[in-house]
Structures are given as C-alpha cells and as structure tokens.
Amino acid sequence: MLIRRSPIPARCLTRLLSTRASNILSSLGISTTGEISGVYDGQWRGSGDVMNSVCPTTGEVLARVKSASPAELHDAIARTREAYTFFRNIPAPRRGEILRQIREALAAKASRDDLGALVSLEMGKIRTEGVGEVQEFVDICDYAVGLSRMMNGRVVASERPGHSILEVPNPLGVVAVLSAFNFPVAVYGWNLSLSLAAGNATIWKPSPTTPLCAIAVTKIVSKVLEANRIPGAVASLVTGGKDAGKAIVESHDAELVSFTGSEQVGRSVGKTVASRFGKVILELGGNNASIIMPDADLSLAVPSVFFGAVDIAPEFLERLKKLYKSIIPGDPLTDGTLVGPLHTQTACDIYDNAVRYLRSSGAEILIGGNKLKGVPYTSGNFVEPTIAIPRSSEPDDHIWKTETFAPILNVAVFDELEQAITWNNAVPQGLSSSLWTRDLRNLGRWIGPAGSDTGIVNVNVGTSGAEIGAAFGGNKSTGWGRESGGDAWKQYVRWSACTINFSDEAPLAQGVNFQTNSD
C-alpha cells in the first residue's frame with residue numbers, strides 16, 4: 001500500500017509499536033521511531049512516497065518506509081552501474097571471500113534468528129520457515145563461495161591447424177532483482193550470491209509489502225562490503241511500488257532482470273526486457289500437484305502434501321482431513337504454530353473469492369472455507385485451511401488452471417497414472433509436482449519423456465522446500481527461469497567464443513578459400 005507521506009511524531013510511532021515488534025526491529029538495527037529510509041546505494045536515503053509495513057498477524061503498522069523518488073531511483077541505477085565497473089575487476093576468488101563474509105554475517109545465530117523472526121513478523125510465515133529462509137541464503141552463499149573458483153569456460157577443438165577456440169565467461173553487468181512477498185529473503189539471496197560471484201552488481205526492488213526484510217538484509221550485506229572497501233552500490237536497494245519496478249525493468253542499464261511474481265506481471269516484464277534485448281529470469285505462478293498412488297507410503301505423503309495441491313484416494317483423504325482438523329492457525333512467532341496468517345487483506349479476498357467460486361460451481365467443501373474471526377483473530381489475516389472436491393476434474397476449469405495462492409487444497413480422484421499425468425501437464429503453470437509411490441515403474445514413467453512437464457519433478461518428496469544444490473525454477477507459464485544451483489550461474493555471465501590463431505597461416509573454416517592473384 002502506498003500513501004502520501006505525512007510527518008508522525010516519533011513518540012507516537014514508538015507508543016503504537018508492540019514490544020516484540022520493537023525488539024525484533026531493534027535487534028536488526030532498524031529504527032523504531034520516525035520514518036525509515038528505504039533506498040541504499042552506498043548511502044541511506046529516501047524522499048518518495050511512504051509505504052506502510054503492516055504485520056499480517058496483528059494488523060499493526062511496523063514501520064513507515066520512505067521509498068525512492070524518481071530522481072533517487074535514477075541515481076541508484078547509475079551508482080549501481082558505476083559500482084559494477086569497479087567490481088568486475090575484482091578477482092573471482094576475492095569475490096568469493098566477500099561472499100564468505102556475508103555468509104558468516106548471516107549465519108551468526110543472532111542475525112539468523114532475528115532475521116527469521118522478522119520474516120515471520122512482516123510476511124507471516126511460521127518462525128521455523130522464516131529461519132529456514134535465512135538459512136537458504138546462508139547455504140547459497142556457501143555454494144557461491146566454491147563456485148567463485150569454478151566458473152570455468154572451456155577449450156574447444158578447432159578444425160584449423162594452429163588454432164584454439166575458447167568459450168569464456170565474463171561478468172554480465174547490472175542484475176535487477178524484483179522479488180515477491182512470499183520469499184522476502186531467499187530469492188534475493190539466490191540472485192545476489194550468484195551475481196556477486198560472477199562479478200556483477202545488483203539492484204534490488206523488493207515487494208512493497210515486505211520492505212523491512214529487504215532493509216535488514218541490506219544492512220547486513222552493506223557492512224561486509226564497507227569492511228572490504230567495496231562500493232555499497234554493488235548491492236543497491238530501492239523500495240517502491242509499480243512505478244519503481246517498471247522503471248528498473250525498462251532501464252537499459254540492467255542487463256539481466258530476475259523477476260518473481262504473478263504470471264500477468266511476468267508476461268509484461270518479459271516483453272519489456274525482450275524489447276530492449278535484455279536477459280530475463282522469470283519465476284512466476286505455481287500450481288503444484290501431488291499424485292498419490294495406491295502403493296504410496298501414506299505416513300510420508302500425508303504431512304508432506306499438507307502444503308501442496310493433490311490428486312488423492314479416499315483413505316488418504318480421510319487422513320488428511322484428520323490432520324487439517326488438528327491444525328489451529330495462530331501467531332507465526334509462537335512455537336508450535338504450523339499455519340500463520342495470510343500476508344494481506346487482498347490475499348484474504350482472493351481466498352474468499354476462490355471459496356465462493358467452489359461453492360457456486362457445486363464443489364464439496366470437506367473442511368474449512370471461512371475467514372477466522374474473534375479473539376485471537378480480530379486484527380490478523382487468518383483463514384481456515386480448506387479441502388474441497390470440485391465438481392469438475394477437467395483441467396481447463398478455472399479452479400484447476402488458476403494459481404489461487406491461498407490454503408485451499410483441491411482434490412480429484414484418478415484411475416490410472418497416465419490420467420493424473422495428463423491432468424498435471426494440462427494446466428498452464430509448470431513449477432513443481434510430486435508422485436508418491438513405491439513402484440519403480442511408476443517412477444520411470446513420472447520422470448521420463450511422457451511424465452511430468454514441471455521444472456521440479458519429485459518422487460516421495462513434497463512439492464516445496466527445494467535445496468540450493470539444484471537449479472530452482474519452472475516451465476511453461478511459470479517462466480522457464482532457473483535460479484540457485486546447477487547451471488543457473490551461467491545466466492549471470494556473458495559468454496564469448498574466442499578463436500585464437502597461433503600459426504603463420506590464416507585459413508578459413510569449412511575449407512572456404514578466398515584466394516587472390518598476386519604479382
């Protein structure tokens with residue numbers, strides 16, 4: 001939410017802030033009085049519109065963040081470009097050492113736990129997931145430290161005598177990271193780590209609803225850069241709304257744009273970046289299916305599928321209903337809470353609309369389907385986790401082909417694995433999918449050429465919680481982007497094929513001969 005800035009006495013803001021919120025912010029060096037600067041490019045500033053950071057659990061305003069004005073945004077991009085021209089010349093192993101120090105700063109127990117608590121406070125995911133998200137940043141830093149000594153090109157055999165061909169990776173330029181609210185720390189970590197290892201500078205535009213997570217991370221990273229006499233704009237931060245994101249995406253000074261968000265906005269981002277011949281990494285909608293075979297180990301499948309979409313059999317459904325009934329949404333910072341609030345009131349409206357559609361189309365609501373009211377849910381964005389059996393199992397039905405982004409589990413029962421694979425592959429999205437089976441033949445069909453077409457294809461593992469060692473990303477309308485491990489680093493460099501002639505002749509390839517007559 002964006003509102004025009006209006007001065008608020010510091011004593012008033014302090015008085016309105018809860019003790020636990022004040023403690024978490026203070027532990028991370030974020031002021032609990034006055035307005036907070038939301039722009040960093042070597043110095044902290046911000047004179048644009050003020051954004052409210054709102055706690056989804058209590059509804060309290062955690063902070064008022066001063067976003068970038070158009071001039072400040074332009075300056076931040078320019079300073080990031082300037083920082084890149086310095087940083088690209090730092091030897092890759094030295095860049096790895098800087099990443100190691102960032103890793104150490106993040107991994108310190110106080111930093112990791114406090115930053116994880118801030119994720120829960122501002123975003124709403126439960127504390128163990130918040131801390132786990134910070135740990136994912138730590139892990140990808142570990143990965144990038146090693147990668148800094150292994151970003152190798154290769155030597156290609158030449159058909160011409162006395163020639164060699166080298167494929168050489170070099171730093172790409174400025175990497176713009178536009179992250180979403182649901183992973184306010186980890187997604188930036190994936191991009192920053194690989195980008196720095198490759199010798200690039202980054203400019204980060206986080207979700208306007210999670211600016212404090214971005215500010216806290218940037219404070220940690222900037223201290224490491226400063227200690228190593230590296231320009232702070234190597235890891236710039238710009239908070240703002242749609243206009244800020246649009247300006248960054250359109251900027252020719254950003255060679256690569258990594259965008260995480262909706263399919264609708266991602267389609268626009270992709271077109272805009274392509275129109276200026278830039279590079280893009282898109283991480284868009286997910287619509288993940290878990291397929292439970294009759295031979296599945298239900299003791300493993302039930303808790304794992306709790307957080308995903310599913311095609312299931314009656315026995316599994318009964319177990320899952322029992323689990324849902326035992327779950328009581330609550331404060332994400334409280335130990336033992338498994339389900340926290342939705343992130344915003346808009347998310348609650350999306351949930352309500354999806355439930356309304358299910359009911360109007362004749363679906364059976366097995367459990368849930370309501371917004372939670374009364375104490376302790378009066379001020380937060382709490383809803384009941386829901387299981388529904390839509391009347392239609394056709395993949396082109398709105399409820400199946402649309403990412404709802406709410407705790408609604410839609411159920412369909414299939415007869416054969418091939419039918420389930422067809423349903424899985426028929427939706428526009430292609431992020432993650434999972435098959436639960438103990439039959440090796442099913443496994444082979446699932447991961448083979450006629451199997452799941454998603455970017456993440458799991459067996460006896462849930463659809464969420466990917467590790468950093470493999471590339472993360474989805475296919476189809478999820479965007480085809482790849483981040484984190486695997487060969488994802490190759491997107492953060494520019495490649496050159498370099499043919500070197502060390503002979504006394506200058507022959508052409510393919511036997512072409514432009515012989516000329518000479519006296």
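This one's a predicted model, so the numbers in the text were calculated from it and none came from an experiment. These values consider heavy atoms only, across backbone and side chains, with no hydrogens, waters or symmetry-generated copies.
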Judged by modelled atom types alone, do Trp423 and Glu394 share a side-chain donor-acceptor pair under 3.5 Å?
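Absent: no donor and acceptor within the cut-off.
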
Any luck finding a side-chain donor-acceptor pair between Thr218 and Trp204 under 3.5 Å?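 No donor-acceptor contact under 3.5 Å links the two side chains.
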
Check for a donor-acceptor pair, side chain of [X] on one end and backbone N or O of [Y] on the other, with a separation under 3.5 Å.
X	Y	result
Asn228	Ile230	no
Ser275	Thr272	yes
Glu122	Cys213	yes
Ser432	Thr463	yes
Asp397	Ser393	no
Ser148	Ala197	no
Asn424	Ala420	no
Ser262	Val265	yes
Thr402	Ile399	no
Asn425	Asp453	yes

Which of Thr202, Asp41, Asp75, Thr80 passes side chain to side chain donor-acceptor pair (under 3.5 Å) with Ser236? It is Thr80

Of Lys401, Arg267, Glu263, the one forming a side chain to side chain donor-acceptor pair (under 3.5 Å) with Ser477 is Glu263

Heavy-atom closest contact (Val187 atom, Ser179 atom, distance):
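Looks like CG1-CB, 4.3 Å.
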
Please round to the nearest 0.5 Å and tell me the distance separating atom [atom1] of [X] and atom [atom2] of [Y].
X	Y	atom1	atom2	answer
Ser195	Tyr492	OG	OH	7.5 Å
Glu72	Ser67	CD	OG	8.0 Å
Thr454	Ile456	OG1	CD1	7.5 Å
Asn191	Ile140	CG	CD1	9.5 Å
His343	Asn381	NE2	CG	9.0 Å
Leu28	Ser111	CG	OG	7.0 Å

Hey, is [atom1] on [X] packed in by over 12 heavy atoms from elsewhere, all under 6.0 Å?
X	atom1	value
Glu104	CD	yes
Glu467	CD	no
Lys246	NZ	no
Glu82	CD	no
Arg276	CZ	yes

Which class fits the ring pair Phe472 and Trp190: parallel under 30°, tilted 30 to 60°, perpendicular over 60°?
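Tilted.
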
N-O pairing of [X] and [Y] below 4.0 Å:
X	Y	answer
Glu133	Lys125	yes
Lys223	Glu226	no
Glu255	Arg81	yes
Glu418	Arg445	yes
Arg482	Asp487	no

Query raised in the report: What's the verdict on side-chain hydrogen bond (donor to acceptor under 3.5 Å, both in side chains) for His163 and Thr499, showing C-alpha distance, side-chain angles and the deciding distance?
Result: CA-CA 7 Å; His163 288 61; Thr499 302; over 6 Å; no

Check: Run the side-chain hydrogen bond (donor to acceptor under 3.5 Å, both in side chains) check on Ser258 and Glu483 step by step: do they pass?
Finding: CA-CA 9 Å; Ser258 174; Glu483 294 172 314; 2.5 Å; yes

### Query
Are Leu431 and Gln429 close enough that some pair of their side-chain heavy atoms sits under 4.5 Å apart?
no

Report yes if the side chains of Phe259 and Val249 come closer than 4.5 Å at any heavy-atom pair, otherwise no. no

Working for side-chain hydrogen bond (donor to acceptor under 3.5 Å, both in side chains), residues Tyr351 and Thr386
CA-CA 10 Å; Tyr351 170 89; Thr386 301; 2.8 Å; yes

